[in-house]
Amino acid sequence: MAIRKSNKLSQTAVLKQILKRRSSLGKKNEYQDEQGLPMDVPKGHFVVYVGENRTRYIVPISILSRPEFRILLQRAEEEFGFDHDMGLTIPCDEDFFESLTSSMLR
């Protein structure tokens, strides 16, 4: 059990770093509020880009606790890494992402 707990803590730390990086990248844009967040992203949400066309989705932070979404994050890290200026990009088909997230948010 200690290994699982340790692994979960490291995943949580990684997720916090991702969100911090993504919100700090937005400070360069003009559409920001005084806190440095995009105006169209409500509190408790973040932006991901999905598919070949990099379609922008706004999803709740609560989705980060879902194992299915964590698998997508692991795939994103393997394919793109998290240290780039493109935003958090999820490497999957848009239809699959929409289907998966809609089932998670019910």
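Each residue takes its place number in the sequence, starting with 1.
Note that the CG atom of Leu73 and the CD1 atom of Ile63 stand 9.5 Å from one another [nearest 0.5 Å]. The distance from the SG atom of Cys92 to the CD atom of Glu52 is 11.5 Å, given to the nearest 0.5 Å. Separation of atoms OG (Ser103) and CZ (Arg66) is listed at 7.0 Å; rounding is to 0.5 Å. Between Gln74 atom CD and Glu79 atom CD the span is 14.0 Å, to the nearest 0.5 Å. Of the inter-residue distances, the one linking Asp40 atom CG with Ile58 atom CD1 reads 4.5 Å to the nearest 0.5 angstrom.
Here the side chain of Arg75 pairs a donor or acceptor atom with the backbone of Pro91 at under 3.5 angstrom. A donor-acceptor pair is defined here as one N or O able to donate and one able to accept, closer than 3.5 Å; such a pair exists between the side chain of Arg70 and the backbone of Leu64.
Under the 4.5 Å side-chain criterion, counting only non-hydrogen atoms from C-beta, Tyr57 is not in contact with Ile90. Under the 4.5 Å side-chain criterion, counting only non-hydrogen atoms from C-beta, Phe69 is in contact with Leu72.
Closest non-hydrogen pair, Ser99 versus Ser102, comes out as O-OG, 3.0 Å.
Put simply, Phe46 and Ile71 are part of two different groups of oily side chains (I, L, V, M, F, W, Y) that touch within less than 4.5 Å, one to the next.
Tyr49 pairs in a side chain to side chain contact (heavy atoms under 4.5 Å, CB included) with only one of the listed residues (Thr55, Leu88, Thr89), which is Thr89.
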